Protein chains: 2
Amino acid sequence: MPVETKPEATARTSPPLTERQEARRRRILHASAQLASRGGFDAVQMREVAESSQVALGTLYRYFPSKVHLLVATMQDQLEHMHGTLRKKPPGGETAAERVAETLMRAFRALQREPHLADAMVRALTFADRSVSPEVDQVSRQTTVIILDAMGLEHPTPEQLSAVRVIEHTWHSALITWLSGRASIAQVKIDIETVCRLIDLTEPGADR
Amino acid sequence: MPVETKPEATARTSPPLTERQEARRRRILHASAQLASRGGFDAVQMREVAESSQVALGTLYRYFPSKVHLLVATMQDQLEHMHGTLRKKPPGGETAAERVAETLMRAFRALQREPHLADAMVRALTFADRSVSPEVDQVSRQTTVIILDAMGLEHPTPEQLSAVRVIEHTWHSALITWLSGRASIAQVKIDIETVCRLIDLTEPGADR
DNA sequence: ATCAAGTCTGAAACTTGTTCTAGATTAGCG
DNA sequence: CGCTAATCTAGAACAAGTTTCAGACTTGAT
C-alpha cells in the first residue's frame, strides 16, 4: 500500500506529509530562498539546493519537479508571509485606488530589500510553462486576494475583477522592467499609481 | 586594422556588416524563427540554429551572444514586419482607446497564427536578464511607437506616456498568461480593452 | 600580390538542469 | 516483530546552453 505519494503537487491539499517530509520540504524551500537571496535565479542551482537542504538530488526532484516549480513554490511561501505582514497594517488611503497603490508599493519595498530573491521568483514565474500553470495560478489567486483585501471589497463586480487583473499584469511586468534595470523605482511607482486609477473607473457611480 | 567587429550589438547602427555577414545574420534569424514556429522556446536549439543557417556554433554565438539575445533579435525582426503591416491599415475606431485596443487585438491575432513563435519570443523577452537590456529596450520602444501611432499622437503628455507604459505591461503579461494556458483569448481581449480605457483618463478634458 | 588582423569553422570541453538506477532506509500493517 | 511497498540516497548518465581552441579563410591596406 502507498505510504505516501507525490509530495510536490499542492502539498497543502492532497497527500498528508509525514513529519520528516514536511521538514524536508521546509529545508528545501529555505535553501532555495537563501541561495536566491544571494545571486538570484542563476544562483539557485539544483545540486546546491539539494546539498544545502541535506537531501539527495533525486529527492529534490521528487518534491519539486523542476527548478521553476521550486522557485514558484518559494514564491508561494514568501507571498503567504507577505500577506500576513500586510494584513497587520492595513493601508490608510481614502480611495480604493490609493489603498491598492499603497499596498503594492509596500510589497515593492519589501522586494527591494531582497532584490535577488525577487529576481529569482519573478523570473521563474514568467518563465514557467504550462506544466507549472496550477502553481502559477495559485500565486495569481493569492495576489488577487491581497489586492481585493486592499480595496476592501467583498463582492467585486466582473468589471472590478478585470481591473484587478490588469493591475496584476502591470505589477508583474513593472517588476520585471525594474529587475532587469530598464526602469527605476520611481518609474515603477508611477506605473502602479497610473494603473490603480483604473479602479476609480469601476467604482459604483463612475460614468464611462 | 579591424575588418569587422561585434556584429551582434545593434547591427543596424555601429559596425557596417559586409554583404556575407548580413546574409549570415539573415539566415540565422530565419532559422531561429522557423524553429521557434515549430516548437517554441525549447525547439530553438543553438546547435540546430547553427546547422540550419549553415554557420558554425561559434559564429552563431559571435552574432548573438546567447539564446535569449537571438530570440529577442528575432522578435525585433518580427516586430518591424508587424509594424509595417499595421501601418497599411490604420485602425478605424472613434476614440484613441478603441484604436489602440483594435491595433493590439490585430497584433494578437497575428500572434495566434504562430503561437509557438510567439511563445519563444515572449518567453525570451521576459526571461532576459540585464545583459540583454538594450535589446529588450529597443523592442519596448518599438512597441511604444506602434501604440502611439494607433493613438494618433504627435506629442504625448507624460501622463499619456504613463498610460502607454501600463498598456505595454498589460500586453506583455496578458500574452504570457495566454501562452501558458492560464487565460483564454477572450480574457486577453477583455484585459486589453480594460487597460485601454486608461487612455480616456488622460485625454485632454478628462477630469481626475 | 602579399601581409596582418580579424573572422569563420569544426570539434571538444565544460556547466547546469534533468533523468535513471541499484541499493539502503522508512512507514504502516498484520 | 517482520513484511512489503514506497521513499530516500549516492552517483552516473544525458541534454542543451555556452566556452574554448587550433587551423583555414577573408578582408582591407600596403
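All chains are named by letter (A, B, ...) in the order of the sequence lines, taking the proteins before the strands, and each is independently numbered beginning at 1. Heavy atoms only: backbone and side chains are in, while hydrogens, waters and symmetry mates are out. Not measured: the values here are computed from a predicted model.
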Nearest whole Å is fine: how far is [N] [atom2] from [X] [atom1]?
{"X": "Glu19(B)", "N": "dT27(D)", "atom1": "CD", "atom2": "P", "answer": "10 Å"}
{"X": "His69(A)", "N": "dG17(C)", "atom1": "NE2", "atom2": "P", "answer": "16 Å"}
{"X": "Glu22(B)", "N": "dT27(D)", "atom1": "CD", "atom2": "P", "answer": "15 Å"}
{"X": "Arg62(A)", "N": "dT18(C)", "atom1": "CZ", "atom2": "P", "answer": "17 Å"}
{"X": "Leu60(B)", "N": "dT20(D)", "atom1": "CG", "atom2": "P", "answer": "16 Å"}
{"X": "Tyr63(A)", "N": "dA6(D)", "atom1": "OH", "atom2": "P", "answer": "16 Å"}

Handout entry: Identified side chain to side chain donor-acceptor pair (under 3.5 Å) partner of His169(A) from the options Thr177(B), Thr170(B), Thr194(B), Asp191(B)
Key = Asp191(B)
Exercise for the section: If a pair satisfies side-chain hydrogen bond (donor to acceptor under 3.5 Å, both in side chains) and one of its residues is in residues 37-51 of chain B, list it, with sequence neighbours excluded. Expected result: none
Handout entry: dT9(C) phosphate, OP1 or OP2, under 4.0 Å from Thr59(B) side-chain N/O
Key = yes
Exercise for the section: Assign Glu48(B) to base, sugar-phosphate, or nothing according to its heavy-atom contacts below 4.0 angstrom with the strands shown. Expected result: nothing
Practice task
Mind checking Glu51(B) for me? I need base, sugar-phosphate or nothing, with any heavy atom below 4.0 Å counting as a touch.
Solution key: nothing
Practice task
Examine Arg24(B) relative to Tyr63(B) and say whether NZ or CZ is less than 6.0 Å from the centre of the six-membered ring and inside a 45° cone about the ring axis.
Solution key: no
Exercise for the section: Calculate, to the nearest 0.5 Å, the distance between atoms NE2 and OG1 belonging to His83(B) and Thr103(B) respectively. Expected result: 9.5 Å
Exercise for the section: State plainly whether the residues Arg26(B) and Asp77(B) are in salt-bridge range, i.e. N to O under 4.0 Å. Expected result: yes
Problem - Electrostatic pair Arg197(B):Glu193(B) at N-O distance under 4.0 angstrom - result: no
Practice task
Encode nucleotides 10-17 of chain D as B, S and - characters from 5' to 3', where the letter depends on protein heavy atoms closer than 4.0 Å: B to the base, S only to sugar-phosphate, - to neither.
Solution key: B--B--BB
